[in-house]
Amino acid sequence: RGSAVMREHLMKILIIGDGNVGKSSFVNRYVNGRFSQSYKMTMGVDFSLKVLQWSERDKVRLQLWDIAGQERFISMTRIYYRGAVGCVVIFDVADSTSFLSCRLWKQDLDLKTMLPNGQPLPCILLANKCDLSQRAVSADNIDKFSRANGFVTWMETSVKNNRNVEEAMGYIHTEVVVVF
Ligand code: GDP
């Protein structure tokens, strides 16, 4: 009887969007199960790791790359995008500028990335801070925008209330093309 050999794979997912929309909080919630109210502006690129049991034989080391310290959209270098297999674009529902920036973030992504099979990276759009009552963007608007810009889907999230964080990452995992 052969012993089961575990295989480990690396999976790089990008977390992009304007500053202050909740990217670091999202990663922190997903990876560490925590939320902290304090605003911490990190500079550069952070990456966090989470190990997932993908199947009986496969472990995935999930790398979440969070661009930090970018107040507004800036074009990223190809090095940052290299090797990524999926992407999460986040905006703040109470901040319409951060919503408008999503178009630029998505365009930059599509310009600089492509899966080995020639397809664009699966990318999910997250309308974060949906716990806030003052909405700057309507669901109808987000829905149209999401379709027009080639997102696989969009979801409302509240990292604060732990709403749809696991679900969003779960969705991305099902969309990611895994070639083990
Ligand atoms: P980043 O610059 O995109 O990484 O944003 P941060 O993760 O640093 O979050 C910016 C601020 O928004 C912090 O004060 C967070 O506590 C707050 N924040 C993040 N997610 C939520 C949320 O779902 N609801 C509310 N009300 N605040 C949030």
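Both ligands and their constituent atoms are indexed starting at 1 by order of listing. No hydrogens, no waters, no symmetry mates; every other heavy atom, side chains included, goes into these values.
The shortest N or O to N or O distance between F26 and ligand 1 is not under 3.5 Å. Some N or O of V21 is nearer than 3.5 Å to an N or O of ligand 1, by distance alone. The N/O atoms of G22, backbone and side chain alike, include one that comes under 3.5 Å of an N/O atom in ligand 1. Any N or O atom pair closer than 3.5 Å counts here, and T157 shares no such pair with ligand 1. For ligand 1, the polar-atom distance check finds no N/O of D66 at less than 3.5 Å from any of the ligand's N/O atoms.
The backbone N or O of V159 lies less than 3.5 Å from a partner atom in the side chain of R29, making a donor-acceptor pair.
The side chain to side chain contact (heavy atoms under 4.5 Å, CB included) search around N32 returns N28, R34, not counting sequence neighbours. Listed by chain and residue number, nothing satisfies the side chain to side chain contact (heavy atoms under 4.5 Å, CB included) test with S133 (two or more places apart in sequence, or in another chain).
Considering K129, E156, R29 only, the shortest heavy-atom separation from atom 17 (C) of ligand 1 involves K129. Taking all heavy atoms of V165, N161, D131, N162 into account, the minimum distance to atom 22 (C) of ligand 1 is reached by D131.
The 12-atom threshold is not exceeded at CD of E56, counting heavy atoms of other residues, nucleotides or ligands nearer than 6.0 Å.
Looking at H173 and W54, their side chains come closer than 4.5 Å, going by heavy atoms from C-beta outward. Contact check for F145 versus R103: side-chain heavy atoms found under the 4.5 Å cut-off.
The S25 neighbourhood of ligand 1 comprises atoms 6 (P), 7 (O), 9 (O), 15 (C), 19 (C), with distances under 4.0 Å to a heavy atom of that residue. Near G19, meaning under 4.0 Å from any of its heavy atoms, are these atoms of ligand 1: 2 (O). Per-residue contacts place K23 under 4.0 angstrom from the following atoms of ligand 1 (heavy atoms of the residue considered): 1 (P), 2 (O), 3 (O), 4 (O), 5 (O), 7 (O). The contact set between ligand 1 and D18, taken as ligand atoms under 4.0 Å from a residue heavy atom, comprises 3 (O). Close approach of ligand 1 to L132 is summarised as follows: ligand atoms under 4.0 Å from at least one heavy atom of the residue are 26 (N).
W65 and Q63 share a side-chain donor-acceptor pair at under 3.5 Å.
None of Q107, K106, K112 except one satisfies the side-chain hydrogen bond (donor to acceptor under 3.5 Å, both in side chains) rule with D110; the exception is K106.
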